[in-house]
Amino acid sequence: MPTLYEQIGGEAAVDAAVDLFYRKVLTDDRISHFFEGVDMDRQIGKQKAFLTMVFGGPNNYSGLDMRKGHAHLVQRGLNDTHFDAVVELLGQTLQELGVAPELIQQVASIAESTRNDVLSR
Amino acid sequence: MAVLSYQGRHYEMLAGESVLECLLRQGMQVPNSCRVGVCQSCLMRAREGAPPDSSQKGLKETMKGRGYFLACLCRPESNFGIAEAEDDLKVPGTIAEVGRLSASVVEVRLRCKRTLDYRPGQYVTIIRTPDGLARSYSIASLPEESTIALHVRKIPSGRMSTWLHEEARPGDPVAVQGPAGDCFYVPGRPEQPLLLVGTGTGLAPLYGIVRDALRSRHSGPIRLVHGAVEPSGLYLRRELEELTSRHPHFEYCPTVLRDGAEAGVHTGSIDQLLAARFPKLADWRGFLCGDPTLVNSLKKKVFLAGMSSRDIHSDAFVPTPAA
């Protein structure tokens, strides 16, 4: 039984998704202000790591990393509506890439599992 | 606290201090410039203990393997013995020529005692031999030229640029370290359109990259946008216009913020020019060089216009902090 990561298409899928996804994030008025002035190359690297994780791929993310990495954004008002927006854009990205709905559902639930850490709860 | 050993002496490091900061605090002369791990002027070598991975950012694997690290990024957690970079990394040379390109920019040509293996668009660190003053500049020449060309803008109270503009003479000794950097043309996909954008001496790497692409028989459209505040900041115009007449698929787009009444010179911001001329950049390859704030904002703009992140090459010119 192939893993979720293999079914989605592994590293090639991450590479295909990262630009699409990050472009959506940067142009979405609900969340784009959190990304102003950030270094794009570093951010693309982080987005790849994030996508690899939610695709069920190899990653070294811990709940603590998620907390530390987003604490400064929580201070700037990051909340559930922003988190929901990111999950929505992630779903749109995968849809555009032709990923099957049941796989998108699994990706969304992995993303969902990070909600409390991301929002420092 | 970690103890730093260097040249047979031992120094107690302060909390949070980098190796470079520690050595400078002791009054030692260590070549350095940007202090954020870009210019590689402060390259040193480990003799005892391993350098932290974070201090080897951007170094070639072969250099990492030899224990090289950047002193400005290096905050060792345990005792650490270090040595200067070996002389084989620095090529001795001389100033060959200094020629004026514009009111504020000179072209400095260096003659090296050994051939430097570089790609146009990479940068080198020039080290003034008597006192070790070091600064990095992008390479505007092609490897087959007998000297290496750099474009140096006069910075008010900038020590290296003032020296190069006002005092340096042919024959003055310098050392050259490098090259480094990954903003250069790679052959392959010759039909892909290329967009090169730079301000000020951001033209230096782009001038090298354009000619590298042309001689590699790049066949897709090549567009070079050079921006300046006013027309006097544009330079190499005759050379670039001459290139356009020899290569119809190459276009030179000079642009100024003000006073650009001349034909062929766009007046307005680079953003406006790009939005009007290049609204869709899917499948283009981009090279963005110059002022860091501008380069960062351009990266985002070309990405949002559809350029793939892996096709965006950039070199932000990090200024040296005032001493």
Side-chain angles (χ1 to χ4, degrees), chain A residues 9-55 57-62 64-65 68-69 72-73 85-86 88-90 92-94 96-98, chain B residues 34-38 53-54 56-59 73 121 123 180-184 189 192 195 197 205 270-271 274-275 278-319:
Chain A
E11 208 178 320
V14 173
D15 285 341
V18 70
D19 277 11
L20 269 180
F21 175 62
Y22 190 44
R23 229 172 253 132
K24 289 183 193 298
V25 166
L26 285 180
T27 47
D28 190 306
D29 291 342
R30 294 172 294 178
I31 52 175
S32 60
H33 58 282
F34 289 115
F35 295 88
E36 257 157 44
V38 303
D39 178 78
M40 220 184 83
D41 295 329
R42 269 171 63 185
Q43 199 48 230
I44 292 266
K46 287 184 188 174
Q47 301 288 356
K48 275 191 177 178
F50 169 72
L51 291 172
T52 305
M53 181 198 64
V54 295
F55 290 3
N59 71 85
N60 300 311
Y61 266 119
S62 68
L64 190 64
D65 293 332
K68 276 193 193 154
H72 65 293
L73 298 177
V86 170
E88 180 191 315
L89 298 177
L90 181 61
Q92 279 177 18
T93 305
L94 295 175
E96 282 171 35
L97 289 172
Chain B
C34 77
R35 303 192 188 181
V36 290
V38 177
D53 290 348
S54 56
Q56 296 184 307
K57 191 186 81 165
L59 299 184
L73 296 183
Y123 54 89
D182 48 18
C183 183
F184 52 81
R189 304 198 58 196
Q192 190 179 25
L195 175 65
V197 188
I270 289 192
D271 283 356
L274 293 186
F278 308 101
K280 290 210 165 58
L281 292 170
D283 214 38
W284 283 64
R285 196 188 316 180
F287 298 90
L288 313 169
C289 301
D291 172 74
T293 315
L294 180 91
V295 167
N296 274 334
S297 109
L298 286 176
K299 273 202 277 193
K300 204 161 162 177
K301 293 215 162 74
V302 299
F303 177 68
L304 291 178
M307 197 181 284
S308 160
S309 59
R310 88 189 113 202
D311 279 329
I312 303 175
H313 307 273
S314 65
D315 188 3
F317 292 180
V318 179

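Residue numbering restarts at 1 for every chain, and letters A, B, ... go by the order of the sequence lines.
- What you find for A:Asp19 and B:Met307 is that their closest heavy atoms are OD2-O, 4.4 Å.
- Under the 4.0 Å criterion applied to side-chain N and carboxylate O atoms, A:Asp41 and B:Lys299 are assigned as salt-bridge partners.
- In terms of heavy-atom proximity, B:Lys300 sits nearest to A:Leu26 at CE-CD2, 3.7 Å.
- Residue A:Glu96 places its CD atom among more than 12 non-hydrogen atoms of other residues, nucleotides or ligands, all under 6.0 Å distant.
- Counting heavy-atom neighbours within 6.0 Å of B:Arg310 CZ, excluding the residue itself, gives a total of 12 or less.
- Note that CE of A:Met40 is 9.5 Å distant from CG of B:Asn296, once rounded to the nearest 0.5 Å.
- Heavy atoms of other residues, nucleotides or ligands lying less than 6.0 angstrom from CG of A:Asp65 number more than 12.
- Note that the NZ atom of A:Lys48 and the OG atom of B:Ser309 stand 6.5 Å from one another [nearest 0.5 Å].
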